[in-house]
Amino acid sequence: MKLLFICSRNKWRSLTAEKIFEGYNGYEARSAGTETGARIKVTGGHIGWSELIFVMEKKHVRRLKEKFPTSLKDKRLICLDIPDDYQFMDEELIEILKARVSEYIEMPI
């Protein structure tokens with residue numbers, strides 16, 4: 001399954017998620033950001049590639065729906081409600097990501 005993780009600048013939350021879920025249980029993971037200054041800015045290609053899209057905050061859902069209304073029609077978009085309070089690979093962030101994402105995908109025990 002192809003997982004796409006979205007945050008604002010693609011520096012901490014979504015990049016951490018990409019690193020921990022890439023290859024996990026056979027999943028493919030990518031990440032991107034919604035803001036102009038993002039490390040990797042989300043494109044229609046990202047949306048088309050993905051099978052499941054996780055965003056960190058409600059504002060990311062809104063931004064994606066404004067920019068990619070047609071591409072998102074048949075996509076599952078899930079808001080994890082993770083605030084921008086963490087650094088890259090923060091242990092607490094990793095625990096939160098694993099707990100919230102495990103509600104939607106199969107995780108190895």
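A quick note: this is a predicted structure, and the numbers were derived from the prediction, not measured.
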If I compare all heavy atoms of [X] with all of [Y], which pair ends up nearest, and what's the gap?
X   : Y    : result
R76 : Y104 : NH2-CD2, 3.4 Å
A29 : F5   : CB-CE1, 4.2 Å
F54 : I105 : CZ-CG2, 4.3 Å

So how far is it from [X] [atom1] to [Y] [atom2], rounded to the nearest 0.5 Å?
X   : Y   : atom1 : atom2 : value
F88 : I94 : CZ    : CD1   : 8.5 Å
H60 : L80 : NE2   : CG    : 11.0 Å
M1  : E28 : CE    : CD    : 11.5 Å
I96 : M56 : CD1   : CE    : 10.5 Å
S31 : R13 : OG    : CZ    : 12.0 Å
I78 : I6  : CD1   : CD1   : 12.5 Å

Are the side chains of [X] and [Y] in touch, meaning some heavy atoms are under 4.5 Å apart?
X   : Y   : answer
K67 : L72 : no
D84 : E57 : yes
D90 : T16 : no
T34 : V55 : no

Over 12 foreign heavy atoms within 6.0 Å of [atom1], [X]:
X   : atom1 : result
E91 : CD    : no
K75 : NZ    : yes
K65 : NZ    : no

TODO: Using the ring-ring contact (aromatic ring centres under 6.0 Å, His included) rule, collect all pairs that involve residues 61-80, keeping only residues at least two apart or in two chains.
DONE: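 Counting only pairs at least two positions apart or across chains, no ring-ring contact (aromatic ring centres under 6.0 Å, His included) contact touches residues 61-80.
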Task: Linked, directly or transitively: V42 and L77 (ILVMFWY side chains, under 4.5 Å) - done: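 Yes; tracing contacts between hydrophobic side chains, which count when under 4.5 Å, links both residues.
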TODO: Decide whether L93 and L15 are clustered together by the hydrophobic rule: side chain heavy atoms of Ile, Leu, Val, Met, Phe, Trp, Tyr closer than 4.5 Å, transitively.
DONE: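 The answer is yes; both residues are in one hydrophobic cluster.
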Open item on the list: One thing to verify: whether R100 and D81 come together as a salt bridge, which I'm taking to mean a side-chain N less than 4.0 angstrom from a carboxylate O.
Closed with: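 A salt bridge is absent here (no side-chain N lies under 4.0 Å from a carboxylate O).
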- [ ] Determine, using ring centers only, whether Y24 and Y27 are less than 6.0 Å apart.
- [x]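 No, too far apart.
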Please check if the side chain of [X] supplies one atom and the backbone of [Y] the other of a donor-acceptor pair under 3.5 Å.
X   : Y   : result
R39 : N10 : yes
E18 : R30 : no
E35 : S8  : no

